[in-house]
Amino acid sequence: MELESLRSCIAEHGLAFRGAFHPGAEDARPGVRDGGVAHTLVLVGFIGSGNWAAFANAPEAADGLPDPLDRWSLRVVGELAQAVGATTCFPFGAPPFLPFQRWAQKAEPVHPSPLGILIHPDWGLWHAYRGALAFAERLVLPEPDSRASPCDSCAEKPCLSACPVGAFTAAGYDVPACIDHIAASAGIDCMGDGCRARRACPVGAEHRYEPDQAHFHLRAFLKAQRLNPPA
Ligand code: B12
């Protein structure tokens, strides 16, 4: 399949093309329909708030059942895979998780940010992965985009000082401190408009999530952490 027609098909399903690569033996290569392993992985997801309406207007967003975005992704990425002859992979579900962050770093110019999540030179921290398409064929791909991390030239790193409870340090991400904060009334700002540390990043600020999307993610994160608190 030609990459250009694949990109159009991804967009027609309300998703964004998030890069592609030829996985090696070290990449936990998923299986494909013919019983072999994938020779091309294409990541799909959301960029900024541009793809949000596709989910927000879908039945899963309004049916009141658990995990609406994951169920939407299962359905829509499933339909997309069917249309293009690929097998699906998903970033969510139960552990062990598929190494989407490692795959993403091979597929597009994303790099670990000081917050742990990946930063993109254009989209900043405002992007996510909803699935991957595994192809038995080795699709022809463009030269990799090897732009450096925007964090390398960011001297101030406002992301590290913006969290009201100092949840991001060199020791990592203090999930319990974050959860206690967003669950309390003092965390209403993070809960309503999205994580303050993430919003402090100047890169791709024009792609920041709209309040509906930001609030949805924080609510889902809080709910998931309360159901499965960190050990
Ligand atoms: C478990 C998980 C969490 C856990 C723990 C995260 C952690 N820091 O350990 C909790 C619940 C706390 C969490 C929280 C959040 N998560 Co989360 N999470 C995941 C999940 C499901 C699995 C990660 C994993 O364990 N992978 C397994 C390992 C084997 O895969 P891997 O790719 O090899 O992982 C490597 C990299 O992550 C790398 N790495 C990670 N951080 C760093 C930092 C540095 C400096 C370096 C060098 C490497 C590195 O090390 C890992 C081990 O090799 C992923 C989805 C996925 N499948 O990747 C989302 C994912 C990472 N989460 C995501 C997000 C957005 C969040 C939240 C902002 C909440 C939200 N959903 O909106 C918060 C904040 C996270 C933060 N600041 O760290 C996005 C990140 C998108 C992006 N821009 O990168 C992902 C990719 C989900 C998605 N659908 O897009 N998450």
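Remember, it's 1-based here, ligands and their atoms both numbered in the order they're listed. Below, each value reflects all heavy atoms present in this structure, side chains not excepted, and no hydrogens, waters or symmetry copies. The shown structure was predicted, so the numbers you read here are calculated from the model rather than taken from an experiment.
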Exercise. So among Val77, Val42, Val84, which one has a side chain to side chain contact (heavy atoms under 4.5 Å, CB included) with Ile10?
Worked result: Val42
Problem set entry | side chain to side chain contact (heavy atoms under 4.5 Å, CB included) evaluation trace for Glu108 with Leu43 | CA-CA 9 Å; Glu108 57 174 353; Leu43 304 195; 5.6 Å; no
For this session: Could you walk me through whether Asp193 and Arg208 pass salt bridge (Lys or Arg N to Asp or Glu O under 4.0 Å), step by step?
Result: CA-CA 10 Å; Asp193 290 339; Arg208 280 182 194 152; over 6 Å; no
Exercise. How are the rings of Phe46 and Trp52 set to each other: parallel, tilted or perpendicular (split at 30° and 60°)?
Worked result: perpendicular
Problem set entry | Flag side-chain contact, heavy atom, 4.5 Å: Thr169 against Asp174 | no
Please tabulate, line by line, the atom pairs linking an N/O of ligand 1 to a protein N/O at a distance below 3.5 Å, with the distance in Å to 0.1, or answer 'none'.
unit_1: ligand 1; atom_1: 32 (O); unit_2: Pro99; atom_2: O; d: 3.4
unit_1: ligand 1; atom_1: 32 (O); unit_2: Gln101; atom_2: N; d: 3.1
unit_1: ligand 1; atom_1: 32 (O); unit_2: Arg102; atom_2: N; d: 2.8
unit_1: ligand 1; atom_1: 33 (O); unit_2: Arg102; atom_2: NE; d: 2.9
unit_1: ligand 1; atom_1: 33 (O); unit_2: Arg102; atom_2: NH2; d: 3.2
unit_1: ligand 1; atom_1: 37 (O); unit_2: Gln101; atom_2: OE1; d: 2.4
unit_1: ligand 1; atom_1: 41 (N); unit_2: Gly116; atom_2: O; d: 3.4
unit_1: ligand 1; atom_1: 57 (N); unit_2: Pro91; atom_2: O; d: 2.9
unit_1: ligand 1; atom_1: 57 (N); unit_2: Leu98; atom_2: O; d: 2.8
unit_1: ligand 1; atom_1: 77 (N); unit_2: Leu115; atom_2: O; d: 2.8
unit_1: ligand 1; atom_1: 78 (O); unit_2: Leu115; atom_2: O; d: 3.4
unit_1: ligand 1; atom_1: 83 (N); unit_2: Leu118; atom_2: O; d: 3.3
unit_1: ligand 1; atom_1: 83 (N); unit_2: His127; atom_2: O; d: 3.3
unit_1: ligand 1; atom_1: 83 (N); unit_2: His127; atom_2: NE2; d: 3.4
unit_1: ligand 1; atom_1: 84 (O); unit_2: Leu118; atom_2: N; d: 2.8
unit_1: ligand 1; atom_1: 89 (N); unit_2: Tyr129; atom_2: O; d: 2.8
unit_1: ligand 1; atom_1: 90 (O); unit_2: Tyr129; atom_2: N; d: 2.9

Exercise. When the ring planes of Phe168 and Tyr173 are compared, do they come out parallel, tilted or perpendicular, using 30° and 60° as the limits?
Worked result: parallel
